[in-house]
Protein chains: 2
Amino acid sequence: MRQIASEVGVQVGALYNYTPDKQTLLYDLMRGHLDALLEAFTDDPTRKPEERLRSFVQFHIQFHHERPDAVFIAYMELRNLTPENFSRIEILRKTYEDRLEAILHAGVASGDFDVPDTKIATLAVIAMLTGVNTWFRAGGRLSLKDVEGQYWQMVRKAVLAQRRD
Amino acid sequence: MRQIASEVGVQVGALYNYTPDKQTLLYDLMRGHLDALLEAFTDDPTRKPEERLRSFVQFHIQFHHERPDAVFIAYMELRNLTPENFSRIEILRKTYEDRLEAILHAGVASGDFDVPDTKIATLAVIAMLTGVNTWFRAGGRLSLKDVEGQYWQMVRKAVLAQRRD
DNA sequence: GGTTGTTTTGAACGTTCGTTCAGTTAACGT
DNA sequence: ACGTTAACTGAACGAACGTTCAAAACAACC
């Protein structure tokens, strides 16, 4: 709390005009992040599953890249939530996962995708995409667009139904 | 330190017969985990890249599943290392990544795999596999063998050179 | 059984932490 | 200019933290 106050340029007591306590502040930060995530994501169920998945991959990478601090907190501070707040955050996270799973499910139903278990594929894809935040920094060898393209190709191939031979 | 002492069944002062300070204890835990990881992993460069990759996937999932606490610490406590210790740990982690990258590189060279950038594919695969630890618990709907199989299929398809049509 | 060496205890130290609050300062409509 | 409301300061509180150390307990060997 003292570090936050100092970076904001205020004494620590002043923070308590904005949050009842530290736990609530942490919860509000995470909640705000996940609300923004769910609000920003758009999906058009009338499009082809492959197009919807491509949109998801691009969206996820871009959204997370723009908010490295929020993403870091949302992952690393989970264990400091009270059980009640943890449950609330998990519900939001699950909601987001369900958006991806719906896409994978549609693709399996249409025969475009082939995965044995859409739930597992969902978690695998999200883990893979979120991993970008741990290493990607703008200004390096590759642009974010390059990275998006490469991850999209890997995700696409991983779930696509293979032509039989 | 008091919590560790209490779970060990000892007073807090006694811990300092085993570690000079808390930072060193944390570093030793991480170091031990990564040493064990590198020691346990085996790779046979004379086998086919696809076989080597399959071994890697299976090994990674199994090894991490057997040590949930060590894995948790190795990821969540990174930020509490001093810069010197952080660098040392990063070197070990990079060494492990290089093992996987060597496999992917061999596969690309032989034409079995097709990825634009083996470094990115390496990070993507590891992030995806390590993600298993965040949700898999024995005794659920799927066995660890099932999970290994499904992740292997996704990884395999993601990096495999596609037949052209 | 006594001696030596190793471990553990129990208590204390100086910091840092989250939080509170009386008192001061700033903001603003009238 | 004044009065009211909102925001911030500065100092304090109790608790928890990492660490130290003299004294006590234990272990191992002759």
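Residue numbering restarts at 1 for every chain, and letters A, B, ... go by the order of the sequence lines.
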Check: [X] ring centre within less than 6.0 Å of [Y] ring centre:
X	Y	result
His33(A)	Tyr75(A)	no
Tyr96(B)	His60(B)	yes
Phe63(A)	Phe41(A)	no

Quick check against the 3.5 Å criterion: does Gln23(B) have a side-chain atom that pairs as donor or acceptor with the backbone of Thr82(B)?
yes
Take the protein atom [atom1] of [X] and the nucleotide atom [atom2] of [N], then report the distance between them rounded to whole Å.
X	N	atom1	atom2	result
Asn80(A)	dG18(C)	CG	C1'	14 Å
Lys22(B)	dT16(C)	NZ	P	14 Å
Asn17(B)	dA25(D)	CG	C1'	13 Å

Is there any side chain to side chain donor-acceptor pair (under 3.5 Å) pair reaching into residues 9-22 of chain B, and which pairs are they, with sequence neighbours excluded?
Asp21(B)-Thr24(B)
For Arg54(A) and Arg156(A), what are the C-alpha separation, side-chain angles and deciding distance, and is it a side chain to side chain contact (heavy atoms under 4.5 Å, CB included)?
CA-CA 8 Å; Arg54(A) 197 189 55 72; Arg156(A) 177 181 167 277; over 6 Å; no
Nearest to the Arg2(B) side chain among dT19(D), dT7(C), dT19(C), which nucleotide is it?
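The answer is dT19(D).
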Tyr18(B) side-chain N/O to dT8(C) phosphate OP1/OP2 under 4.0 Å:
yes
Sorted by number, the residues of residues 8-16 of chain A with heavy-atom contact under 4.0 Å to DNA chain D:
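Residues of residues 8-16 of chain A under 4.0 Å from DNA chain D: Val10(A), Gln11(A), Gly13(A), Ala14(A).
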